[in-house]
Amino acid sequence: MEIRSVENKSECLPLLQNVPLPDTEENKTQVHKAISQTFLSTAHLANNLPTGTVLAYQLLAPIFSNQGKCDSVSRIMTAGLVTICGLSCLLSNFTDSFRDKKGKVCYGLATINGLWVIDASATLPPELAAYYKLRFIDFMHAIMSALVFAALVLFDQNTMNCFCPTPTAEKREIFTKLPVGIGMISSMLFLVFPTTRHGIGFPLSAC
């Protein structure tokens, strides 16, 4: 009976006990912590950028930069990619979408007078088009999106190795901490000043 009770008690013991884990924080340097924080910040902020632009940049950046080993041609191509993707993030904030009577999604460009439909497949009444007119917050979101994309570029090792293969300690500190600062400030601004637009590359409008 005693043997059975001992066996039963051993079976009831938890498989995972509360064993204190070794403190690994002491082994981490400030650079590792900053890189980890940068990754988390930029991952959340990627939701505020056009999905297609971010995917295109992440796909083409290693190819154009030759995985960070740039020559004069690949450096020009990488610079062109960064410029085009940055302009795309900037201009996408001035676009919006709506559904026509058939449920088809139509895209347009916000203007002072209203929404200018790009493909001209549908028209909006003047009173409804005025709802999509250009606002000051659109410029604010455009600037923030461009800054967030710049943070993603600074975080991309292939691009940074292409333009600055041997950074000094001061530059390395800037490249590590600047995206974190951009992430924190932009996160607060996106939260305090949200947008209702569903432009090109963003989630579609529900109505």
**Q.** Inter-residue atom distance Leu134.CG - Asp96.CG, 0.5 Å rounding
**A.** 11.0 Å

Q) What's the shortest heavy-atom distance between Lys133 and Ile112, and which atoms? A) CB-O, 3.6 Å

**Q.** Point-to-point distance, once rounded to the nearest 0.5 Å, from CG of Leu147 to CG of Leu152
**A.** 11.5 Å

Q: Quick one: pull up SG in Cys89 and CD1 in Ile84 and give me the separation to the nearest 0.5 Å.
A: 12.0 Å

(Q) Looking at every heavy atom in both Ser65 and Cys162, which two are closest together, and how far apart are they? (A) CB-CB, 4.2 Å

Q: Compare every heavy atom of Cys85 with every heavy atom of Thr53, then report the nearest pair and how far apart it is.
A: CG2-O, 3.4 Å

Q: Please round to the nearest 0.5 Å and tell me the distance separating atom CD1 of Ile137 and atom CZ of Phe193.
A: 7.5 Å

Q: Using the rule that two of Ile, Leu, Val, Met, Phe, Trp, Tyr join whenever any of their side-chain heavy atoms come within less than 4.5 Å, decide whether Ile76 and Val73 are in one cluster.
A: no

Q | Interatomic spacing from CG in Asn66 to CG in Asn161 - rounded to 0.5 Å | A | 11.5 Å

Q | Euclidean distance, Leu154 CG relative to Met160 CE, rounded to 0.5 Å | A | 5.0 Å

(Q) I'd like to check the ring pair (Phe, Tyr, Trp, His ring centres under 6.0 Å) partners of Phe64; sequence neighbours left out, ordered by chain and number. (A) none

Q) What is the minimum heavy-atom distance between Ala142 and Leu90, and which atoms define it? A) O-CD1, 3.2 Å

(Q) Is there a path of hydrophobic side-chain contacts, each under 4.5 Å between heavy atoms, that joins Phe163 and Leu81? (A) no

Q) Tyr57 and Met77: same hydrophobic cluster, using ILVMFWY side-chain contacts below 4.5 Å? A) yes

**Q.** Heavy-atom closest contact (Ala61 atom, Thr159 atom, distance)
**A.** CB-OG1, 4.1 Å

Q.
I'd like to know if the side chain of Arg197 and the backbone of Tyr132 have a donor-acceptor N/O pair within less than 3.5 Å.
A. yes

Q) Can you list the residues that meet the ring pair (Phe, Tyr, Trp, His ring centres under 6.0 Å) rule with Phe139, with sequence neighbours excluded? A) Phe94

(Q) In this structure, would Ile63 and Val82 fall into the same cluster of hydrophobic residues linked by side-chain contacts under 4.5 Å? (A) yes

Q: Looking only at non-hydrogen atoms, find the nearest pair between Cys70 and Arg75 and report the distance.
A: O-NH2, 3.7 Å

Q: State, without any angle test, whether Asn93 and Ser145 hold a side-chain donor-acceptor pair at a distance under 3.5 Å.
A: yes

Q) Mind checking whether Leu55 and Leu60 sit in one hydrophobic cluster, side chains of I, L, V, M, F, W, Y counted as touching below 4.5 Å? A) no

